[in-house]
Amino acid sequence: MNDVAKLVLPDGQTAELPIIEGSEKEKALDISKLRAQTGYVTLDPGFVNTGSCQSAITFLDGEKGILRYRGISIEELAEKSSFLEVAYLLINGNLPNQTEMNGFSDSISTHALINEDMKRFYENFSSRAHPMAILSAMVSSLSAYYTEATGGANIDDLQLNAARLMAKVSTIASFSYKKSIGQPFVYPQDKLSYCENFLNMMFAVPTTEYEADPVVVDALNLLLILHADHEQNCSTSTVRVVGSSQANVYASVASGILALWGPLHGGANQQVLLMLQQIHEAGGDVDKFVAMAKDKDSEFRLMGFGHRVYKNFDPRATIIKKACDRVLEKMGVDDPLLDIAKKLEARALEDEYFVKRKLYPNVDFYSGIIYRAIGIPTNMFTVMFSLGRLPGWIAQWKEMMEDPQNRIARPRQIYTGSQLVQYTPMSERG
Ligand code: ACO
């Protein structure tokens, strides 16, 4: 028998709320029967206190700065694993043996081409289109090619559709870059690893040989691993909400991509770089920008700072910061924006405003500097985040579909508008 909490309401009703305990001893009040028993709902803007599901994929402890995928620490995965292996781990729940890994990798290579008709879609986007708009539209369009006529791409076909998504999103993303710079599309190649293949599709041209620098391949693997899942964040919750209506996996992932695009979420990585550039162009005066971020009359926020869950440090940011120094040194790149980022971080971390609110650099603060060093243009940064987050979205969609407790997501509200009013004919309105 679970422990229960007792809720006593002002009208004298009482409710018993079972206490749910997770494997890391996190505790929750189960309010799933509250409305049926009492007529009350809960109010929690931004879902700050609300657990939307029970999940065995990712654990994070915001106070201690812990992040684990399927129980394995992000530090260990970052050091020892590859992005594709992490994708397998997230989606299937265990590290693959060699045969499983080969099978997963082969199935992704097999599905890397997109239907030739889809190439023509690129011709019709404005040359000013943001790559995230193109990516979401293209992923949504996959539903038109790779699902049954009913639009279904359901849990029975997930292994197939997961491989298609992992493969085709990489192809779609690189094609959108090629389109934006007016270069011919470069087709995927089976013989290359996932990251090498992506870099080849991005940077090869038909006129010369291209071989990805192993330093760049490693850096890309690392960044994708660090972004691969982050439990019930805004885009993942979007994937789950959309999928809860039984929408197919392509439609659900396309919705997640759009949620990620927002500047308070994945779009922050592009905003961080633009901010660092702005500081650089303004002479490198970080104090002015810190003051602006603290000014309540200003809309300006320090992009790449703060996190809903991490309140001491973001372990991904710690790993990326170290990688930044390493990658830039190995590549012989001297980027003034890295110095500005470090100065800005040091300055903010000694400021009472940021200390009091527990605002620290998040995963996006340093990632853009590495992307820039490896040749990814700024407006593609959030696309790179999508590529990384994809296995997490697929894993969470799968877990939700397999969960017998899953119901269509349908929050309640507290209505604050007018009570019944009569319709006023046009002639009587002021
Ligand atoms: N710069 C300045 N002040 C900030 C910042 C920031 N980056 N972030 C939070 N604050 C302040 C808020 O103004 C608020 O101050 P107040 O208490 O005086 O009103 C306080 O800190 C709490 O902030 P909230 O917005 O309530 O925190 P919330 O948990 O809702 O938001 C978020 C978290 C969206 C990440 C926020 O910190 C932010 O906007 N950061 C900048 C954008 C960013 O980097 N996003 C990427 C997040 S990581 C990811 O999605 C992959």
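Each ligand, and each atom within it, is numbered from 1 in the order the structure gives.
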Q. Of all the atoms in ligand 1, which lie at a distance below 4.0 Å from a heavy atom belonging to Ala293?
A. 2 (C)
Q. Given that the side chain starts at C-beta and the backbone is N, CA, C, O, which of these parts of Val48 lies under 4.0 Å from ligand 1, counting heavy atoms, or is it both or neither?
A. neither
Q: Assess the side chains of Thr58 and Asp229: does a donor N or O sit below 3.5 Å from an acceptor N or O?
A: yes
Q: Give the residue and atom name of whichever protein heavy atom lies nearest to atom 45 (N) of ligand 1, and the separation in Å to one decimal.
A: Leu264 O, 2.9 Å
Q | Within the 6.0 Å centroid threshold, strictly below: Phe305 and Phe365 | A | yes
Q. Heavy-atom distance to atom 11 (C) of ligand 1: which of Phe354, Tyr353, Phe385, Tyr360 wins?
A. Tyr353
Q | Worked verdict on Glu345 versus Lys321 for salt bridge (Lys or Arg N to Asp or Glu O under 4.0 Å) | A | CA-CA 11 Å; Glu345 178 188 354; Lys321 187 179 175 185; 3.2 Å; yes
Q) Considering only the protein, which heavy-atom contact is closest to atom 41 (C) of ligand 1, and what is its distance? A) Phe305 O, 3.4 Å
Q: Give the residue, atom name and distance (to 0.1 Å) of the protein heavy atom nearest atom 50 (O) of ligand 1.
A: His265 ND1, 2.8 Å
Q: Answer with side chain, backbone, both or neither: which part of Asn362 has a heavy atom less than 4.0 angstrom from an atom of ligand 1?
A: side chain
Q: Take atom 25 (O) of ligand 1 and look for protein heavy atoms under 4.0 Å from it; say yes if you find one, no if not.
A: yes
**Q.** Sub-6.0 Å ring centroid separation between Phe313 and Tyr360
**A.** no
Q) Would you say ligand 1 has an N or O under 3.5 Å from any N or O of Met303? A) no
Q.
Between Ser244 and Ala409 (side chain of the first, backbone of the second, donor and acceptor by atom type, cut-off under 3.5 Å), is there such a pair?
A. yes
**Q.** Parallel, tilted or perpendicular: rings of His265 and Phe385 (30°, 60°)
**A.** perpendicular
Q | Gln271 contact mode with ligand 1 (heavy-atom cut-off under 4.0 Å) | A | neither
**Q.** For atom 1 (N) of ligand 1, closest protein heavy-atom neighbour
**A.** Leu302 N, 3.1 Å
(Q) With heavy-atom distances below 4.0 Å as the criterion, list the atoms of ligand 1 near Asp364. (A) 46 (C), 51 (C)
**Q.** Protein contact for atom 9 (C) of ligand 1 (heavy atom, distance under 4.0 Å)
**A.** yes
Q: Please find out if less than 6.0 Å separates the ring center of His230 from that of Tyr69.
A: no
Q | Residue selection (non-hydrogen contact nearest atom 35 (C) of ligand 1) among Gly306, Ala259, Gly267 | A | Gly306
Q | Carboxylate-amine/guanidinium proximity below 4.0 Å for Glu21 and Lys27 | A | yes
(Q) Using heavy-atom distances only, which candidate in Arg301, Arg357, His307, Arg308 approaches atom 23 (O) of ligand 1 most closely? (A) Arg301
Q) Is the centre of the Tyr122 ring less than 6.0 Å from the centre of the Phe185 ring? A) yes
Q. Which option out of Lys296, Met275, Lys358 puts a heavy atom nearest to atom 16 (P) of ligand 1?
A. Lys296
**Q.** Ionic contact status for Arg68 with Glu76, cut-off 4.0 Å
**A.** no
Q.
Checking a contact table here: which protein heavy atom is nearest atom 5 (C) of ligand 1, and how many Å away?
A. Leu359 CD1, 3.9 Å
Q. For the side chain of His227 and the backbone of Leu223, is there at least one donor-acceptor N/O pair under 3.5 Å apart?
A. yes
Q: Heavy-atom distances under 4.0 Å are what count here, so tell me which part of Phe365 touches ligand 1: side chain, backbone, both or neither.
A: neither
(Q) Under 4.0 Å from a heavy atom of Ala268: which atoms of ligand 1 are those, numbered in the order shown and with their elements? (A) 43 (C), 44 (O), 45 (N), 46 (C)
Q: Below 4.0 angstrom from a heavy atom of Gly304, which ligand 1 atoms are there? Numbered from 1 as shown, please.
A: 43 (C), 44 (O)
Q | Lys/Arg-Asp/Glu bridge criterion (N-O < 4.0 Å) met for Lys33, Glu16 | A | no
